[in-house]
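What follows is a short report on a single structure.
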Amino acid sequence: MNLEIQCEDLSSARWMELLPSMPQYGIIRLDDCGLTNAMCANICSVLQASSSLTELSLANNELGDAGARLVLKGLQSPTCKIQKLNLQNCNITCAGCELIPALLRTKSTLICLQLSDNHLGDEGMKLLCEGLMDPRCSLQRLELEYCELTMSSCEALSTVLQTKGSLQELTLNNNELGEAGVALLCQGLMDPNCELQVLKLEGCGVTSANCKDLSMVLQTKESLQELCLGENKIGDAGLDQLCQGILSPACNLKTLWLWECDITAKGCRALAQVLKSKPCLTKLSLICNQLGDEGAEPLCQALLDPGCQLEELWLRTCGFTVASCSSFCTVLEKNRTLKELQLSTNTLADAGVKQMSKGLLHPDCPVQSLWLGDCELSDECCGTLASILLTNHTLKELDLSNNGRIGDQGIRQLMASLKEPSCTLEQLVLFDIYWTEEVDNELKTLQEAKPSLRITS
């Protein structure tokens with residue numbers, strides 16, 4: 001049995017209705033429910049009485065340190081078998097972390113801990129690491145995004161990485177670790193005892209110089225499968241270092257997130273070599289890097305290589321124009337693995353979509369999700385897209401959001417195809433596109449007649 005309530009301020013009367021049955025639930029999720037200290041005291045009692053609860057989520061509640069202490073006290077009950085705990089954005093500070101070491105020492109069942117968006121600071125991190133270092137701690141996943149951590153936390157974290165072989169996923173996004181802090185983390189990552197699979201360092205002040213250390217990690221850490229470095233100004237020089245590590249035979253990276261990293265067309269040449277040589281890499285994000293049409297060419301050539309097995313490619317806001325669309329058309333015609341292509345916020349225009357249509361009409365085109373939001377499209381291209389919807393039975397999701405020149409005429413052309421039984425599209429996303437009330441009623445009628453289709457606007 002599960003209890004899931006979100007975004008509802010629970011009144012005292014409603015709370016008293018829920019309390020008696022709480023000890024029976026295996027999962028309790030009460031996110032953004034306006035929980036009070038008194039309610040936290042009740043939750044403490046529930047936790048002490050329950051032997052069935054394995055997951056507790058209290059995210060986005062102003063528990064504060066006092067409420068957090070009550071919850072943590074309940075979790076230490078010998079009968080409690082908690083596996084997943086989510087206290088994201090609960091206004092917890094260092095003072096609220098005092099019971100966490102004891103929880104990690106006594107609760108070997110706990111494998112996932114989410115503490116993002118709390119004011120833990122370096123002192124709170126030290127307390128957390130104290131518990132993580134205990135041999136009885138079996139934590140596998142730790143999320144600490146926006147926790148006000150600095151370089152001072154990284155030495156303790158590095159020691160944890162060297163000793164805690166159970167830890168598989170570490171999220172440190174949006175903490176000001178800086179170059180020195182990331183260098184310390186890399187020391188821990190290099191240790192043979194470290195078996196980390198997922199490392200997220202977005203917005204952490206990673207530099208080009210850090211990429212040499214990260215390259216060494218990639219060359220030696222066979223367990224690492226996902227690396228997220230978005231919003232770090234590593235540039236083409238840093239990317240070149242990373243690619244050298246990824247090309248190592250020992251590297252098994254599957255997901256690489258490099259959004260807003262100051263990468264240019266020059267960096268695309270190194271990435272192209274990776275795509276051709278590493279079939280294990282299946283997801284790549286280059287969002288908000290000014291690659292331009294010059295960068296699109298080597299990427300598209302790599303996508304045609306038999307060694308490339310990429311399934312998801314995110315290229316939003318990369319400075320592409322209609323000049324790139326013939327290359328993307330060839331990819332759509334000949335690549336057989338790409339399932340998701342994100343091209344939003346590039347000035348492809350109607351002419352670009354028309355060029356790509358040949359690829360999208362190819363019977364073996366594998367793309368299931370296509371994002372063309374904010375691409376300066378108008379009603380003119382909707383006839384082309386309508387033809388694609390009738391012919392392409394693989395495409396399940398199409399995003400045309402933020403194309404302000406699409407109106408009633410274009411929407412009606414799309415609807416004509418969407419009504420047909422041969423159209424198998426499942427989701428059409430139309431945020432910030434405006435049509436008349438008459439067309440709005442026609443869209444509602446279409447959705448009622450075709451429940452398999454979801455239109456989001």
Side-chain angles (χ1 to χ4, degrees), residues 259 285-293 296 312-329 331-332 338-361 365 367-392 394-420 423-447 450 453-457:
W259 56 273
S285 172
L286 296 170
I287 287 173
C288 292
N289 289 289
Q290 286 305 303
L291 311 180
D293 297 326
E312 296 182 17
L313 180 58
W314 292 62
L315 296 172
R316 177 168 58 83
T317 320
C318 285
F320 302 138
T321 71
V322 63
S324 296
C325 291
S326 60
S327 296
F328 285 119
C329 177
V331 169
L332 293 166
L338 193 64
K339 296 177 182 177
E340 184 165 354
L341 180 59
Q342 159 64 284
L343 288 172
S344 294
T345 322
N346 290 290
T347 54
L348 308 183
D350 297 328
V353 170
K354 189 173 182 180
Q355 283 193 37
M356 289 196 297
S357 65
K358 183 182 176 185
L360 289 164
L361 288 166
C365 176
V367 172
Q368 298 175 14
S369 182
L370 179 63
W371 301 51
L372 296 172
D374 194 18
C375 285
E376 299 191 6
L377 308 183
S378 72
D379 289 335
E380 186 180 333
C381 76
C382 290
T384 301
L385 290 170
S387 299
I388 291 166
L389 293 176
L390 286 176
T391 307
N392 187 322
T394 304
L395 189 65
K396 301 303 177 186
E397 180 180 15
L398 177 62
D399 189 333
L400 298 174
S401 299
N402 301 103
N403 285 294
R405 293 191 296 147
I406 294 178
D408 285 7
Q409 180 186 344
I411 297 298
R412 281 191 165 120
Q413 285 180 299
L414 294 172
M415 281 197 292
S417 292
L418 291 167
K419 290 175 183 176
E420 295 298 323
C423 176
T424 56
L425 195 76
E426 295 174 1
Q427 180 159 340
L428 178 62
V429 185
L430 299 171
F431 287 120
D432 291 323
I433 293 179
Y434 303 100
W435 48 78
T436 61
E437 185 177 350
E438 185 179 355
V439 168
D440 195 56
N441 291 330
E442 291 172 19
L443 282 168
K444 289 175 182 176
T445 302
L446 171 60
Q447 282 204 276
K450 199 168 186 178
L453 173 67
R454 184 168 70 234
I455 299 174
T456 307
S457 62

Under a 4.5 Å cut-off applied to non-hydrogen side-chain atoms, are R454 and T456 in contact?
-> yes
Do V367 and T394 come within less than 4.5 Å of each other through their side chains, counting heavy atoms only?
-> no
Once you round to the nearest 0.5 Å, how far does CG of L395 lie from CD of Q368?
-> 9.0 Å
To the nearest 0.5 angstrom, please state how far the SG atom of C365 sits from the CG atom of L360.
-> 5.0 Å
Residues which pass side-chain hydrogen bond (donor to acceptor under 3.5 Å, both in side chains) with Q290, listed by chain and number, not counting sequence neighbours | none
Start with the C-alpha distance between I411 and C382, add both sets of side-chain angles, then the distance that settles side-chain contact (heavy atoms from CB on, under 4.5 Å), and finish with yes or no.
-> CA-CA 7 Å; I411 297 298; C382 290; over 6 Å; no
What are the two closest non-hydrogen atoms of N402 and I433, and how far apart are they?
-> N-CG1, 4.2 Å
The single option from N289, L286, I287 that satisfies side-chain contact (heavy atoms from CB on, under 4.5 Å) with R316 is I287
For residues L414 and L385, report the shortest heavy-atom separation together with the two atoms involved.
-> CD2-CB, 3.9 Å
Taking all atoms of both residues into account, what is the closest heavy-atom pair of I455 and L443, and its distance?
-> CD1-CD2, 3.7 Å
Exactly one of T391, N392, T384 clears side-chain contact (heavy atoms from CB on, under 4.5 Å) with S357, and that residue is T384
OG1 on T347 to CZ on F320, rounded to 0.5 Å | 10.5 Å
OG1-CG distance between T321 and L348, expressed to the nearest 0.5 angstrom | 8.0 Å
Give me the ring orientation class for W314 and W371: parallel if the planes are under 30° apart, tilted from 30 to 60°, perpendicular past 60°.
-> tilted
Quick one: are L341 and V331 in side-chain contact, heavy atoms under 4.5 Å?
-> no
Who pairs with K419 by side-chain hydrogen bond (donor to acceptor under 3.5 Å, both in side chains), at least two apart in sequence or on another chain?
-> none
Taking all non-hydrogen atoms of both residues, which atom of M356 and which atom of C325 are closest, and how far apart?
-> CG-O, 3.6 Å
Audit row: V429, Q427, side-chain contact (heavy atoms from CB on, under 4.5 Å) steps and yes/no | CA-CA 6 Å; V429 185; Q427 180 159 340; 3.5 Å; yes
First locate atom CD1 of I406, then atom CG of N403, and finally report the distance between them rounded to the nearest 0.5 Å.
-> 4.5 Å
Taking atom CD of Q447 and atom CG of L453, what is their separation to the nearest 0.5 Å?
-> 6.0 Å
Residues 374-383 vs side-chain hydrogen bond (donor to acceptor under 3.5 Å, both in side chains), sequence neighbours excluded, gives D350-S378
Closest non-hydrogen atoms of W435 and S457, given as atom of the first, atom of the second and distance, are CH2-CB, 3.7 Å
Evaluate the criterion side-chain contact (heavy atoms from CB on, under 4.5 Å) for residue pair N346 and F328; output intermediate values, then yes/no.
-> CA-CA 13 Å; N346 290 290; F328 285 119; over 6 Å; no
Take atom NZ in K450; do more than 12 heavy atoms of anything else shown fall under 6.0 Å from it?
-> yes
Taking every non-hydrogen atom, the tightest pair across C288 and C318 | N-SG, 4.4 Å
Is it true that a side-chain atom of D408 and a backbone atom of T436 form a donor plus acceptor pair closer than 3.5 Å?
-> yes
